[in-house]
Colleague: 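The structure follows.
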Amino acid sequence: MKKPRLLLTGGSGLLALNWACAMRDRWEVVLGMHQHTVQLAGTNACGLNLQDPMQLGSQLDFISPDLVVHTAGLTSVDRCEESRELARQANAVIARNICEATEKKSIALVHISTDHLFAGERSCYSEQEPVQPINEYGRSKALAEEWVQAAYPKSLILRTNFFGWGHRHRQSFSDWLIYNLRAGKPLTLFDDVYFTPILADRLALAAHELVGKGVSGIFNVVGPTRLSKYEFGLRVSDYFSLPTNLIDRGQLSRATLLAPRPRDMSLDSSKAQQVLGHGLGTIHEYLRELQAQEEEGRRSELLESIDG
């Protein structure tokens with residue numbers, strides 16, 4: 001039986017690569033490249049022009065995907081703060097280009113959003129909460145959501161915060177923790193910044209389930225546990241048998257950063273769980289799976305998947 005075809009924009013990014021690994025046995029995966037060359041077993045790669053809607057439409061005709069997952073974007077909070085126009089182009093304009101092109105061809109679309117959409121004055125935001133971003137990254141992602149919903153109401157928008165194995169050009173938070181602790185470097189982690197992280201593979205699996213159920217609109221797809229960055233660091237160090245004494249407490253309230261950050265980015269995933277009919281896993285399961293992925297060669301494979 002022929003596999004359905006999945007196109008991942010931002011194909012050299014951390015999320016797309018882990019998504020591809022999670023789905024390549026069930027889908028014919030095409031990684032859309034923009035900057036780097038990608039070579040990942042069990043997938044194909046092709047160049048994509050996300051800036052030109054006409055050319056993008058022609059490329060979609062050639063690739064003929066059954067589903068597009070839009071993961072491309074500028075995620076550096078400080079870089080977005082430095083260049084508002086760059087953030088708007090990379091996160092909002094390109095998202096609009098993608099959704100307009102997929103809508104015209106009736107291709108299912110999943111748009112990856114963020115948990116940086118709120119002021120962080122309370123915990124576990126639901127999908128119904130009005131957005132109140134406090135930095136340019138959040139504002140550009142909020143604009144992207146607005147444009148995607150307007151241009152393609154049948155699209156699926158996922159707010160999330162994920163981790164997983166990265167590559168030589170892009171590390172996740174868990175990579176940064178593991179590599180530095182293995183090198184014996186002391187780390188300072190905020191104990192006053194909270195989030196609800198999910199393993200990238202679990203995000204991908206939940207997304208495909210939601211697509212299969214034919215739902216649209218905004219869904220929070222995150223882990224069930226609200227953790228501080230400090231607490232997450234301790235959990236990672238425990239699972240990977242790394243020295244917790246190298247991790248010190250720090251506070252966002254005392255830090256000097258270019259862009260303001262919300263103290264609480266935690267999201268409530270009840271809506272997604274209700275539609276799916278099951279939970280999204282636990283932080284213990286995520287870390288156990290992350291550990292198993294390294295043992296099975298995922299970390300090494302992704303490190304070698306991107307050109308120098």
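All values derive from a computational prediction rather than experimental measurement.
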Colleague: Please tell me whether Thr9 and His70 have a donor and an acceptor in their side chains that are separated by less than 3.5 angstrom.
Modeller: yes
Colleague: Can you name the nearest heavy-atom pair linking Gly250 to Asp192, along with the distance?
Modeller: O-OD1, 4.2 Å
Colleague: Please evaluate residues Leu302 and Leu40 with respect to the criterion side-chain contact (heavy atoms from CB on, under 4.5 Å), reporting the C-alpha separation (whole Å), side-chain torsions for both, the decisive distance (0.1 Å), and the verdict.
Modeller: CA-CA 8 Å; Leu302 295 191; Leu40 183 68; 3.9 Å; yes
Colleague: Quick one: salt bridge (charged side-chain N to carboxylate O under 4.0 Å, His left out) partners of Glu296, sequence neighbours excluded?
Modeller: none
Colleague: Taking all non-hydrogen atoms of both residues, which atom of Val193 and which atom of Pro262 are closest, and how far apart?
Modeller: CG1-O, 4.2 Å
Colleague: Where the side chain of Ser305 meets the backbone of Gln39, is there a donor-acceptor pair that is under 3.5 Å apart?
Modeller: no
Colleague: Decide yes or no for Ser64 and Lys105: does some side-chain heavy atom of the first lie under 4.5 Å from some side-chain heavy atom of the second?
Modeller: no
Colleague: Could you check whether atom CZ of Arg26 has more than 12 heavy atoms from other residues, nucleotides or ligands sitting under 6.0 Å from it?
Modeller: no
Colleague: Can a donor-acceptor pair be found, under 3.5 Å and without considering hydrogens, that links the side chain of Asp61 to the backbone of Ser58?
Modeller: no
Colleague: Check whether any side-chain N or O of Asn180 sits under 3.5 Å from a backbone N or O of Lys185 as a donor-acceptor pair, and report yes or no.
Modeller: no
Colleague: Kindly indicate whether the side chain of Trp147, heavy atoms from C-beta on, has any atom under 4.5 Å from the side chain of Leu143.
Modeller: yes
Colleague: Contact between Glu121 and Asp264 at the side-chain level, heavy atoms closer than 4.5 Å - yes or no?
Modeller: no
Colleague: Phe162 and Ile178: same hydrophobic cluster, using ILVMFWY side-chain contacts below 4.5 Å?
Modeller: yes
Colleague: Is any side-chain heavy atom of Gln293 less than 4.5 Å from a side-chain heavy atom of Cys21?
Modeller: no
Colleague: Is the gap between the ring centers of Phe118 and Tyr125 under 6.0 Å?
Modeller: yes
Colleague: Salt bridge between Glu301 and Arg298, side-chain N to carboxylate O under 4.0 Å?
Modeller: no
Colleague: Which atoms form the tightest heavy-atom contact between Trp165 and Arg299, and what is the distance?
Modeller: CZ3-CD, 3.3 Å
Colleague: Any side-chain to backbone donor/acceptor pair from Arg24 onto Ala41? Under 3.5 Å, distance only.
Modeller: yes
Colleague: Among the clusters formed by ILVMFWY side chains lying less than 4.5 Å apart, do Leu67 and Leu276 turn up in the same one?
Modeller: yes
Colleague: So, does Asp248 use its side chain to make a donor-acceptor pair with the main chain of Thr188 at under 3.5 Å?
Modeller: no
Colleague: Evaluate Leu158 against His111 for side-chain contact (heavy atoms from CB on, under 4.5 Å), listing each step before the verdict.
Modeller: CA-CA 6 Å; Leu158 302 184; His111 170 73; over 6 Å; no
Colleague: Quick one, Val30 and Pro65 - any side-chain contact, counting heavy atoms below 4.5 Å?
Modeller: no
Colleague: Is there a path of hydrophobic side-chain contacts, each under 4.5 Å between heavy atoms of I, L, V, M, F, W or Y residues, that connects Met23 with Tyr286?
Modeller: yes
Colleague: Would His167 and Glu304 satisfy side-chain contact (heavy atoms from CB on, under 4.5 Å), going step by step from the backbone distance to the final call?
Modeller: CA-CA 7 Å; His167 55 77; Glu304 299 301 319; over 6 Å; no
Colleague: Is there a side-chain contact between Cys99 and Ser155 (heavy atoms, below 4.5 Å)?
Modeller: no
Colleague: Within the supplied structure, the quantity of interest is the number of heavy atoms (other residues, nucleotides, ligands) at a distance under 6.0 Å from Gln274 CD; does it exceed 12?
Modeller: no
Colleague: Where do Lys141 and Ile112 come nearest, in terms of heavy atoms and distance?
Modeller: NZ-O, 2.9 Å
Colleague: Thinking salt bridges, do Asp78 and Arg261 make one under a 4.0 Å N-O criterion?
Modeller: yes
Colleague: List the atom of Ile218, the atom of Glu145, and the distance in Å for their closest heavy-atom pair.
Modeller: CD1-OE1, 3.6 Å
Colleague: Are Ile94 and Ile63 in one and the same hydrophobic cluster, where Ile, Leu, Val, Met, Phe, Trp and Tyr link if side-chain heavy atoms are under 4.5 Å apart?
Modeller: yes
Colleague: Please determine whether the number of non-hydrogen atoms from other residues, nucleotides or ligands lying under 6.0 Å from atom CZ of Arg226 exceeds 12.
Modeller: yes
Colleague: Determine whether Thr71 and Leu14 make a side-chain contact, defined as any pair of heavy atoms from C-beta on separated by less than 4.5 Å.
Modeller: no
Colleague: Supply the atom-to-atom distance Glu127 CD to Ser270 OG, rounded to the nearest 0.5 angstrom.
Modeller: 8.0 Å
Colleague: Would you say CD of Gln251 has more than 12 non-hydrogen atoms from neighbouring residues, nucleotides or ligands within 6.0 angstrom?
Modeller: yes
Colleague: Please assess Phe190 against Tyr230 for the test ring-ring contact (aromatic ring centres under 6.0 Å, His included), listing each intermediate value before the final yes or no.
Modeller: CA-CA 5 Å; Phe190 295 143; Tyr230 174 76; over 10 Å; no
Colleague: In plain terms, say whether Lys2 and Glu28 are close enough for a salt bridge, that is, a side-chain N and a carboxylate O under 4.0 Å apart.
Modeller: no
Colleague: Is the NZ or CZ atom of Lys229 positioned over Phe173's six-membered ring, under 6.0 angstrom from the centre and within 45° of the axis?
Modeller: yes
Colleague: Nearest 0.5 angstrom please: Asp201 CG to Phe163 CZ, how far?
Modeller: 10.0 Å
Colleague: Testing the basics here: between Pro260 and Ile134, what is the closest heavy-atom pair and its distance to 0.1 Å?
Modeller: CG-O, 3.0 Å
Colleague: Leu56 and Val148: same hydrophobic cluster, using ILVMFWY side-chain contacts below 4.5 Å?
Modeller: no
Colleague: Would you say that Leu31 contacts Leu7 through its side chain, given a criterion of any heavy-atom pair below 4.5 Å between the two side chains?
Modeller: no
Colleague: Should Arg88 and Glu136 be marked as a salt bridge (charged side-chain N to carboxylate O under 4.0 Å, His left out) after you check the CA-CA gap, both sets of side-chain angles, and the distance that decides it?
Modeller: CA-CA 8 Å; Arg88 184 176 181 274; Glu136 289 302 327; over 6 Å; no
Colleague: Is a salt bridge present between Glu129 and Lys271, judged by a nitrogen-to-oxygen distance below 4.0 Å?
Modeller: no
Colleague: Testing the 3.5 Å rule here: is there a donor-acceptor pair between the side chains of Asn49 and Gln59?
Modeller: no
Colleague: So, taking the atom named OG1 in Thr160 and the one named CG in Leu203, what distance separates them when rounded to the nearest 0.5 Å?
Modeller: 4.5 Å
Colleague: Dump the intermediate steps for side-chain contact (heavy atoms from CB on, under 4.5 Å) on Lys213 and Val275, then the final yes or no.
Modeller: CA-CA 8 Å; Lys213 291 182 178 294; Val275 170; 3.8 Å; yes
Colleague: Could you give the distance from OG (Ser113) to CG (Asn91), rounded to the nearest 0.5 Å?
Modeller: 9.0 Å
Colleague: Who passes ring-ring contact (aromatic ring centres under 6.0 Å, His included) against Trp27, sequence neighbours left out?
Modeller: His208
Colleague: Mind checking the OG1-CZ spacing from Thr196 to Arg159? Nearest 0.5 Å is all I need.
Modeller: 12.0 Å
Colleague: Counting heavy atoms not belonging to Arg84, are there more than 12 under 6.0 Å from its CZ?
Modeller: no
Colleague: If we ignore hydrogens and angles and just use 3.5 Å, is the side chain of Glu285 paired with the main-chain N or O of Thr282 as donor and acceptor?
Modeller: yes
Colleague: Can you measure from CD1 (Ile198) to OG (Ser269) and round to the nearest 0.5 angstrom?
Modeller: 7.5 Å
Colleague: Does a side-chain N-to-carboxylate-O contact under 4.0 Å join Arg249 and Asp191?
Modeller: yes
Colleague: Quick test of your reading of the model: are Glu103 and Lys154 salt-bridged, counting only N-O distances below 4.0 Å?
Modeller: no
